[in-house]
Amino acid sequence: MEGDRPHLSADLTTPYLRKAPTPPGHEGADTAVIAVVITLVFLTLLTVLVVIGVYLYRNQGSYRTYEQPEPDVAPRAEEAPAKEKEEYFI
């Protein structure tokens, strides 16, 4: 057992599956780029929601008409035509 050495995961994988070595000092830059992209996506979504909210608030579905209002004329029950005879077709 003196000649046995532990198997490293790098020995068991092919060169194509190994992680490419990053140059020193770029790990923080990658994290910063990801953080900036996520922040920009979040701010864009927030801006779109605010614009949609303002649009829906201003256009609530009310409208103005320039026609004269019609007087409320409801037919009375006495004036309604009487039902004389109903016909049923079989």
Side-chain angles (χ1 to χ4, degrees):
M1 294 235 168
E2 296 171 14
D4 291 336
R5 61 184 186 131
H7 293 287
L8 299 175
S9 63
D11 293 337
L12 298 177
T13 60
T14 62
Y16 299 110
L17 296 178
R18 288 188 201 146
K19 182 178 178 183
T22 46
H26 288 318
E27 293 88 7
D30 292 340
T31 305
V33 169
I34 292 171
V36 167
V37 168
I38 290 174
T39 303
L40 288 176
V41 167
F42 177 73
L43 289 175
T44 303
L45 290 175
L46 185 65
T47 304
V48 167
L49 288 176
V50 168
V51 168
I52 289 174
V54 168
Y55 174 76
L56 291 176
Y57 179 75
R58 289 190 180 184
N59 298 316
Q60 293 179 356
S62 61
Y63 59 93
R64 296 180 186 160
T65 60
Y66 296 103
E67 299 175 4
Q68 295 294 328
E70 295 182 17
D72 290 334
V73 178
R76 295 183 184 175
E78 298 93 28
E79 296 176 5
K83 295 182 182 178
E84 294 179 12
K85 183 178 180 183
E86 295 183 12
E87 295 182 20
Y88 297 99
F89 296 101
I90 298 178

Contacts of Ile34 meeting side chain to side chain contact (heavy atoms under 4.5 Å, CB included) (sequence neighbours excluded), chain-then-number -> Ile38

Using a 4.5 Å side-chain heavy-atom cut-off and chaining through intermediate ILVMFWY residues, the residues clustered with Ile52 come out as Val48, Tyr55, Leu56

From the list Thr44, Leu45, Thr39, side chain to side chain contact (heavy atoms under 4.5 Å, CB included) with Val41 holds only for Leu45

